[in-house]
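Written out below as structure tokens is the structure these notes cover.
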Amino acid sequence: MAEVSKVSDYLAAAKSFEKKWSDKWAKENPFKTLGPKDKDFDSTKPKKVILDFFPYPSGAGLHIGHPLGYTATDIISRAYRMQGYNVLHSMGFDSFGLPAEQYAIQTGRQPAETTDENIKVFTRQLRALGYDHDETARFESSKPDYYRWTQWLFLKFFNSYYNRFEVWQDKLGSEVIGRAKPIEDLREKLQSGKWKKDQFGEVGPAGNRYHIDVKKSEIEDLVDAARLAVIKNVDVNWCPMLGTVLANEEVTPEGKSERGDYPVYKKPLKQWVLKITAYADRLYDDLKLLDWPKGVMEMQKEWIGPSEGALVSFKTADGAKLNVYTTRPDTLPGVTFVAVAPEHPLAVKYAGEAVKKMVSLARNHAYEDKTTHQGIFTGQYVTHPLTGKKIPVWVGDYVLSGYGEGAVMGVPSHDTRDFDFAKKYDIPIIPVLMPSDEWLDANAPKGKEYASGKDLRALYIKDCAKFGTAFTDDGIMLEGLEGAEDLGGLDNRTAIRKICEKLEALGAGAAKKTYRIRDWLFSRQRYWGEPFPIVYDDSGKAYPVSEADLPITLPEVTDFKPVTSDDKDADPVTPLGRVTDWLKVKGTILPDGSVKLGEGKDAKTFSRDTNTMPNWAGSCWYYMRYISPNYAGGFVDEAAEKYWSGERFGAKGSVDLYVGGTEHAVLHLLYARFWHKVFYDLGLVSTPEPFYKLFNQGMITADAYSDSRGFYVEVDKVEEREEGGVRTAYNKETGEKLTINPGKMGKRYKNGVCPEDVCNRHSVDAFRCHMMFLGPLEATSPWRETTIVGQERFIASVWALAHRKDLDTSDAPANKDIERLVHSTIKEVTEDIKNIRLNTGISALMVLTNALAAEAKPKKEHVEILLRLMQPYTPFMVEEIYSEGKNFKLPAGVKSAAFLAWPQYDEEKLQADEVTLVVQINGKKRAELIVPATATDKEIEAAAMDNETVKRHLEGKEIRRILHIPNKTCKVLGIVVG
RNA sequence: GCGGAUAUGGUGGAACUGGUAGACACAACAGACUUAAAAUCUGUUGGGAGUAAUCCCGUGUCGGUUCGAUUCCGACUAUCCGCACCA
């Protein structure tokens, strides 16, 4: 054997050429994304936009989860490029936000400084892994060149409102109800009287419901309130330990901050809010346009949480209205109390002190036991809209203030919570619906009276409380219900409709759709974020800064720390509020209502907004910036956006493939969809959705090792051995036997894996293949470095194969079996790229490699096909082989192996002369023989019947049926006997 | 409680629309080369019976549909993830 060790030869070579190529690629940027304005751009080619989640550059550098997804997208984009697509695959950095700021605080340095440093490390690591990113698109969301456009886009929200009455045709030809429009459009509608108010103060097209004239003096207030970005007094999630408020999405179910796990308190504050609720229906419905994992779709649907129901008004003693929201208006005749949330004005007014403790409990998510409800009677009564009866008003801690109207109608007979509450406080229980017989049987109390054969229905009507719980399913309306005498015998779904009609006629309610999603709290009291492009005059009125003044740069300060405390009653203080020389600014109001900053003859003094935007802001539109990363004329170059969004193909989403973990299922993915839809409505982007296909990569788990005291031991201090077939771990230093704990990777488990180190030990190409070979990309797979030797051997075999001096370059016809394998491999690898099954793609390449290596004289053209198929997986090795110019050379005009043409397979060559025939008798495989591929059904049957084993199994049996079963790889004959 | 996902050899995993279960790889074992080891190459490797041909069992559990089920249906178990008083 000429080579002493294929693997060590290859590794020695890889060490130098991998560095050489990554340096060269970084310098020459061969993967620059071009657009319609560039002269070398071929806009007739189809496009693929492949996107990775926007990484936050942490101080720890890349962790193992990053290269899992990034390598997959890199392989896919390299393959599509070879297949003749224009490919956009870039990576910038999400560098603003809480984590970056926390890191700076912990290291006692400036966030701008630490962020720069971290990005240098990330960039180095990304380059080392050979990714085909555009070097000019490594923008950072914390740089003014970028956030200038984040601020510009924010102003679009500020200068728009949602016209929920507009019906329009979108680019897909679908009818859409509701659209964001310039705020000027609303002002005009109100000034001209085309829009009026309704009794609730809501505005809409003049007609029956909207008939109240809008006074001139009201117009500006209505306009301001209608903006998609608005300053509102809202109940916020205040986290004093972080010194900031948080979005609902950033608070865990336990009432802690997602980041840091600090307590979060409810507090009313004036804050920026983006009206995501206006888009609730479209965000929900348009999920059906997308190719997303089912789980993420379900999570978004649950988060949006639409529910169909009705608003019902009860009259209070002083003639005011107490509104409740219900999904079951059919049960209205069974209302025996009304419960309001502890924060409800009525509760505060009539239950005073007693309610305070309850309020603080409710606000702070501090229920110990969710099953025992506390209630306080307010002493007040309201009038039932159907029966006119007096209904007591209670304060109930189980009523949520933020949902619906913060008040519910109590129907103990048909709601379990109301039932428990009524039992506890001795409130009457009136049945409305007749349950099914099964339910009655199952829930009937024990005792003679309720024995089988008794009339349970009559007993239920007599005293439904005896049945121990509420009947919450659909049922039939009882006869003779007070206020609903005409509905007896109807199914309750019909009754819902009739009752809604009745309520509307009485002016005591109407059908209404409610959502669980709340408006998006958009300000943070932190330093490291985008400043708002907003200034205030002396009266506190907000003005947008003129576009020419953007960006509003974040002032450089020495003391950027938030004011944190463990006092939940502390008020938020913004770090920017301390920057006294920045706070006040001169400016002039322009005709369009914006403020041009700077001295001038009519200049007045304004004060700046001292909040910053949340870290989600930058990631809401970064995928657009990749299209034209350095474009100064707008957030995206319009012509380039049209091409890359796939508008001409009727694309539903701009990004063709988006790969990342599930951690952003509702946060980023919902926010970005919302922004995109607003921009779509305003004509700024060409597709209704940002991300057409979403793919969730799995998690990589790892074993952690703990000693007898329960302390974790660093992985590199551990040695694993095989003892009697059992994996056993020892501490290399002390020799102590350790416990193996499978689970998540993390600092605290001391089992993190640094991708860079693995690459240094095994080569980047082997690391890339190893990541992909762990299992299907979507699955959770355990990390094990030892098995990477399989990839090293595989790549080294290809390397050796490509360097053989005896490759067959003649025109002699190839061995048919090898030729067939070559073509089936092309097919398999191509399909695996399309279906994101990169693990089986590697298997196929291994099979071909093994077969070629076993040939006495492999054909050069076959090795070349193998190399081209491997380029996406092992770009370094393939680039090196082609650049050596020995066996393989790049064609003229092709600068890199990444731009070689993808091999095509020939359907004819996939056919074999002889195929396996599998004979099944009653579905069981009984024989396997070889028959000519051209054999007719008759010949196949004859061959099968001639087989000894088959004969034996058929002996004395009657053949009932013969089946020729289609199969891709062999022929299957099914014989059914009786 | 509700929703989603997963379950296949010693291990990671293949098997596309119901048709050869275990591709590919790791580990293990045996052999070749070597003074020896490593590396490399060759072979074996789901369990069981049999000299063999061959046969039986086998894809979390129980049942169903079918000539035939890892795949479809029903019930259940375990694990992971998300949501959880939303009226």
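Ranking B:rG12, B:rG4, B:rA14 by closeness to the A:Pro782 side chain, first place goes to B:rG12. Candidate nucleotides B:rC85, B:rG13, B:rC83 were compared by shortest atom distance to the side chain of A:Glu302, and B:rC83 ranks first. You'll find that the side chain of A:Thr949 is closest to B:rU54, out of B:rU54, B:rC85, B:rA14. Taking only side-chain atoms of A:Arg926, from C-beta outward, the nucleotide of B:rA14, B:rU11, B:rC56 with the closest atom is B:rC56. Comparing B:rG82, B:rC55, B:rC24 against the side chain of A:Phe773 picks out B:rC24 as the nearest. Relative to the side chain of A:Thr326, the nucleotides B:rA87, B:rG13, B:rC55 differ in distance, and B:rA87 lies closest. Taking every side-chain heavy atom of A:Val399 into account, B:rA87 is the closest of B:rC24, B:rA87, B:rU20. Side-chain proximity of A:Asp415 to B:rC55, B:rG4, B:rA87: nearest is B:rA87. Side-chain atoms of A:Asn967 lie closest to B:rU20 of the nucleotides B:rU20, B:rG13, B:rG3. The side chain of A:Val408 sits closest to B:rA87 out of B:rC24, B:rA87, B:rC26.
Between A:Ile304 atom CD1 and B:rG3 atom P there is a gap of 19 Å when expressed in whole angstrom units. We find that CG of A:Leu68 is positioned 14 Å from C1' of B:rG12, with the value rounded to whole Å. Distance CG (A:Leu838) to P (B:rA23): 21 Å, rounded to an integer number of Å. To the nearest angstrom, P of B:rC83 lies 6 Å from CE of A:Met299. Atom pair A:Lys513:NZ and B:rA87:P shows a separation of 13 Å (rounding to whole Å applied). A:Glu663 places its CD atom 19 Å from the P atom of B:rA5, with the value rounded to the nearest Å.
Using N1 to N3 plus N6-O4 or O6-N4 for Watson-Crick, or N1-O2 and O6-N3 for G-U wobble, each under 3.5 Å, B:rA23 pairs with nothing. The base-pairing partner of B:rA69, taking Watson-Crick or G-U wobble contacts with both distances under 3.5 Å, does not exist among the strands shown. Pair assignment for B:rC80 gives B:rG4, based on Watson-Crick or G-U wobble hydrogen-bonding distances that are each under 3.5 Å. Searching all strands for a Watson-Crick or G-U wobble partner of B:rG43 with both distances below 3.5 Å returns B:rC29. Across every strand in view, B:rG58 sits unpaired, with no contact that passes the Watson-Crick or G-U test at under 3.5 angstrom. With a 3.5 Å ceiling on both atom-pair distances, B:rA15 lacks any Watson-Crick or G-U wobble partner.
For the P atom pair drawn from B:rG64 and B:rU70, the interatomic distance equals 15 Å after rounding to whole Å. Taking the P atoms as reference points, B:rC24 lies 12 Å from B:rU44, given to the whole Å. Annotation: B:rU11 and B:rA37 have their C1' atoms spaced 26 Å apart (nearest Å). Nucleotides B:rC16 and B:rA49 have their P atoms positioned 33 Å apart, rounded to a whole Å. For the P atoms, the distance linking B:rC41 with B:rC67 amounts to 50 Å, nearest Å. Rounded to a whole angstrom, the distance from the P atom of B:rA7 to that of B:rU61 is 13 Å. Spacing between B:rG10 and B:rG48 at atom P, rounded to whole Å, works out to 11 Å. Between B:rU77 and B:rG9, the two C1' atoms lie 22 Å apart (nearest whole Å).
Residues A:Val798 and A:Leu866 are in side-chain contact: their nearest non-hydrogen atoms beyond the backbone lie under 4.5 Å apart. At a threshold of 4.5 Å between non-hydrogen side-chain atoms, the residues A:Phe314 and A:Pro385 count as touching. Side-chain contact between A:Ile276 and A:Leu283 is present, with heavy atoms from C-beta onward closer than 4.5 Å.
The aromatic ring centres of A:Tyr284 and A:Tyr515 sit 6.0 Å or more apart.
Just one of A:Thr331, A:Asp474, A:Asp473 meets the side-chain hydrogen bond (donor to acceptor under 3.5 Å, both in side chains) condition when paired with A:Asn492; it is A:Asp474.
Using a 3.5 Å distance cut-off with no hydrogens or angles, the side chains of A:Thr662 and A:Asn696 do not pair a donor with an acceptor. Between the side chains of A:Glu785 and A:His770, no donor N or O sits under 3.5 Å from an acceptor N or O.
An OP1 or OP2 oxygen of B:rC24 is reached within less than 4.0 angstrom by no side-chain nitrogen or oxygen of A:Arg793. An OP1 or OP2 oxygen of B:rU11 is reached within less than 4.0 angstrom by no side-chain nitrogen or oxygen of A:Thr787. Checking the phosphate oxygens (OP1, OP2) of B:rA87, a side-chain nitrogen or oxygen of A:Tyr403 falls inside 4.0 Å. Dashed line: the shortest gap from a side-chain N or O of A:His770 to OP1 or OP2 of B:rA25 is not under 4.0 Å. For the pair A:Asn839 and B:rA25, the criterion of a side-chain N or O lying under 4.0 Å from OP1 or OP2 is not met. Proximity of A:Lys6 to the phosphate of B:rC41: a side-chain N or O atom is located under 4.0 Å from OP1 or OP2.
When heavy atoms are screened at a 4.0 angstrom cut-off, A:Ser307 is found touching the sugar-phosphate backbone but no base atom. Here A:Lys294 lies in heavy-atom contact (under 4.0 Å) with sugar-phosphate atoms only. Within the 4.0 angstrom heavy-atom criterion, no nucleotide atom of any strand lies near A:Asp418. A:Asn835 comes within contact range of no nucleotide atom at all, as no heavy-atom separation falls under 4.0 Å. Residue contacts for A:Thr416: at a heavy-atom cut-off of 4.0 Å it reaches no nucleic acid atom on any strand shown. At a threshold of 4.0 angstrom between heavy atoms, the contacts of A:Pro293 with the nucleic acid are absent.
Under 4.0 Å is where a charged nitrogen must lie from a carboxylate oxygen, and between A:Asp415 and A:Arg328 no such pair does. Ion pairing of A:Lys6 with A:Asp9 is absent here, as no side-chain N (NZ or NE/NH1/NH2) approaches a carboxylate O to less than 4.0 Å. A salt bridge between A:Glu948 and A:Lys951 is present, with a side-chain N of the basic residue lying under 4.0 Å from a carboxylate O of the acidic one.
Between A:Met409 and A:Ser797, it is A:Ser797 whose nearest contact on RNA chain B lies nearer the 5' terminus. Residue-to-nucleotide proximity on RNA chain B shows that, of A:His953 and A:Ala779, the 5′-proximal contact is made by A:Ala779.
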Report all interatomic pairs (protein N or O, nucleotide N or O of nucleotides 47-49 of chain B) with separations under 3.5 Å.
none

Identify each atom pair where a protein N or O and an N or O of nucleotides 67-69 of chain B are less than 3.5 Å apart, giving names and distance.
residue: B:rC67; atom: OP1; partner: A:Arg961; partner atom: NH2; Å: 3.2
residue: B:rC67; atom: O2'; partner: A:Asn922; partner atom: O; Å: 3.3

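Side chain of A:Arg960 to main chain of A:Val976: no donor-acceptor pair is present (N/O by atom type, distance under 3.5 Å, no hydrogens or angles). Put simply, the side chain of A:Glu828 never gets that close to the backbone of A:Ser843: no donor and acceptor are under 3.5 Å apart.
Closest of all the heavy-atom pairs between A:Pro67 and A:Met771 is C-CE, 4.1 Å. Between A:Pro342 and A:Val395, the shortest heavy-atom contact is CA-CG1, 3.7 Å.
Nucleotide B:rG9 carries a syn base; the chi torsion (O4'-C1'-N9-C4 or O4'-C1'-N1-C2) is within 90° of 0.
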